[in-house]
Amino acid sequence: MASIELVKLTKKFGSLVAVKEFDLEIKDKEFVALLGPSGCGKTTTMNMIAGIEAPSGGQILFDGRDVKAMAPNKRDVGFVFQNYAIFTHMTVEQNLAFGLRVRGVKRAESDRRVKEMAALMRLEDRLDWLTAKLSVNEMQKVAIGRSAITEPAIFLLDEPLSNLDAAFRAFMRTELKHLQHQFQQTMVYVTHDQIEAMSLADRIAVMDLGVLQQYGSPIEVYNQPCNTFVANFMGSPSMNLVPCRLSEGNGATSLDFDDAGVVVVDDDDLLRRCKGAREAGLLFGARPEDLDIAPPEYGGAGLAMTVSFVEPIGPRTIIHLSAGDRKVKVSKEKQYPIEFGAKVKVALPKGKCHLFDADSGRALGVE
Amino acid sequence: MAKLELRGVNKAYGKTIAVQDINLVIEDNEFFCIFGPPSCGKTTILRLLLGLVAPDSGDILIGDKLVSEASPKDRNLAMVFQNLALFPHMTAGQNLAFPLVERKLDKAEVQARVQAVAETLHIEALLNKLPAHLSGGERQRVAVGRALVREPAAFLMDEPIAALDARLREEMRVELKRLQREMKHTLVYVTHDQEEAMAVADRMAIFEAGGIRQIGTPDQIYNHPSSRYVAELIGSPPMNFIDGSFDPSQGRFDCREFDFSMGFPGASGNGVVAASVAFRPEDIVLHDAAGGQGQIEANVYEVEPLGAFTIVDVNIGERILKVQAPGQPRYQLGQVIRLGLDPGKCHLFNAETGKVQ
């Protein structure tokens, strides 16, 4: 049992504020990802949870108890780093058993758990290998296994998949998630990779410059970003953010996209977002996969644009479009038939459009 | 500006074979990617083209001229490095002019060529700025421009954007592709990022252990891999495989374990062979257990919602397959589902040779 609560957690390095008044609640058995670009404070936060670094202000509570006075080794926290910390002079089996041995776990019990873990990590046929002989991928499996085997109440992982190749990363994502479902530990996972955060976490805390931007389920954060930073950080390709102006007259609300034309808003959800917005300095937002390519004569709400570039990236085709300095990306299925230079209408999806204030970055029309 | 060609090229370092029997024609004005895992021979190809190492055997041609013995400076190839290496104390214009000043060209000529290159690359407005005041994309343009003023026969790039973060890489690769189209130069591009390779390449070569396994357009490589190796290497999440046997007399693949069978009327062979059927995660359709549609029954193992699509990991017994479903569908862990496969999007590989059966 271990819930974690951060209360106004702050860390300063000299005049630099690495983490600023960070409030976060992590439930028992929850998998939470701390996500953000380098320098956002995610690793510093994790180090404070582990007790490696002392906060400059605020509190960390485990199950409601302040852990300030608790030494790192008393916190019942397991750690996995990007650079697999394993003993290279020991075999896989010795590495897996190490944490149990120092805790004085009996031999028979330790053997059983090592076997279980080896099966789970698919390392059974490597048990008597020296870890120095393992591939990078296998080393990281050992590193995760040797930390998980002691069944800490809280499991902290700092970019554990960053050094692995793409195919193995995809495989390990699934395995990690499965591991957590089996062990039911509270997991805090630090990453700069939004795909990892989306696929693994129950909830994602998106951070930038030491400040929490948004906290929610992957789908909430993806579908309802609270500001342009989150909108831009989640998703690949990222959300389109297109400058526009609002105009109202003759009972109609329209968005003016300059060279891409004027769009009369006929979508209730977007109308709601337009309400109370100022006239200039707006960014219209839409995900590339929510947009559609229509012929130029399309009568519905759409932007008049020209295909400037097409990227066939395997399962998807990314179509880049432009009109003056307005640019939009649309994501379609593979082998999508489209020509460079084609003039099209980019059809706006109902209920899936966003509006942001360009200065504050804040999403408009959301609570 | 020039076609590049390697004919039967071999190169070994001591006992280690770096590249073996390389036959490759890179067409004029082509954006050509060399793709493969670490130490597959990618960089050796660049070194051979540049003239930094000589082939043990075989010929290298630039613009139909034999250059196997020519020194690097006589090959007139431009190399753009990962860190771009602009002089920070010089303006963009001075950086562009540098190679020409070095060659002691007269001032008017230097000016004219810098101007022409700046126009091609749309960086006229940047000429008086220092690199520190340029964006990543602008710096890349200047670095390419500095190579372009020398009027090289072709450009070579070794992982030029690998050090950048993901979002910037996505932007830069579009920039690069646009740049190559505008300047109309042959560009040989080495990368280990398969999405990047597919996004920029007109054609690409897939390397394995010093040899070429397949050459083709990104579409050919992705949708018609000629071997299991290529099929596994390209695509993320990776392709799924089901092992079984193929009977050419019936034209059928069978997998007893999963009670799965599929016809491959186009495939041939002598006698029953061990084989694998391969299919991409996005080519699987998930059906409800009840409807009776689909060929294979499976359980939902894990669900990875990625926003634009959802990766559903399914297991058939111990075997895990990856399905990429569009949008944000919801599934329960353990839920029984059926996998629908379109034979037109499935590939059959011989288990022993790894080749298409």
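Since the structure is predicted, the reported quantities are computational estimates derived from the model, not experimental observations.
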* For each of B:Arg178, B:Lys177, B:Gln194, tally heavy-atom pairs with chain A at distances under 4.5 Å, and name the one with the top tally. => B:Lys177
* To do: Between chain B and each of A:His192, A:His320, A:Met198, A:Arg169, count heavy-atom pairs under 4.5 Å; write down the option with the most.
  =>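 Result: the option with the highest number of such pairs is A:Met198.
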[X] versus [Y], closest heavy-atom pair with distance:
X	Y	result
A:Ala170	B:Lys322	O-NZ, 3.3 Å
A:Phe309	B:Val174	CD2-CG1, 3.6 Å
B:Glu170	A:Ser238	OE1-N, 4.4 Å

Around atom [atom1] of [X], are there more than 12 heavy atoms from other residues, nucleotides or ligands closer than 6.0 Å?
X	atom1	answer
B:Glu119	CD	yes
A:Lys332	NZ	yes
A:His178	NE2	yes

Spatial distance of atom [atom1] ([X]) from atom [atom2] ([Y]) [nearest 0.5 Å]:
X	Y	atom1	atom2	result
A:Lys177	B:Leu333	NZ	CG	7.5 Å
B:Glu195	A:Ser236	CD	OG	6.0 Å
B:Glu304	A:Glu196	CD	CD	10.0 Å
B:Asn315	A:Thr174	CG	OG1	11.5 Å
B:Met198	A:Ile318	CE	CD1	11.0 Å

So what's closer than 4.5 Å to chain B heavy atoms on [X]: side chain, backbone, both or neither?
X	value
A:Ile195	both
A:Phe340	side chain
A:Pro37	neither

Can you tell me which portion of [X] sits under 4.5 Å from chain A's heavy atoms? Options are side chain, backbone, both or neither.
X	result
B:Asp283	side chain
B:Pro238	side chain
B:Val303	backbone
B:Gln324	side chain
B:Ile311	side chain

* Asked: Would you call B:Glu302-A:Arg173 a salt bridge at under 4.0 Å N-O?
  -> no
* Asked: Can a salt bridge be assigned to the pair A:Lys334 and B:Glu282 using a cut-off of 4.0 Å between side-chain N and carboxylate O?
  -> yes
For a 4.5 angstrom cut-off between non-hydrogen side-chain atoms, does [X] reach [Y]?
X	Y	value
B:Arg173	A:Ile313	yes
A:Asn223	B:Gln328	yes
B:Arg280	A:Pro315	no
A:Arg316	B:Phe309	yes

* Asked: Step by step, would you call A:Glu175 with B:Ile320 a side chain to side chain contact (heavy atoms under 4.5 Å, CB included)?
  -> CA-CA 11 Å; A:Glu175 289 305 303; B:Ile320 292 169; 4.0 Å; yes
* Ignoring hydrogens and angles, tell me if any N or O in the side chain of B:Tyr222 forms a donor-acceptor pair with the backbone of A:Pro312 under 3.5 Å. =>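 No; zero donor-acceptor contacts below 3.5 Å.
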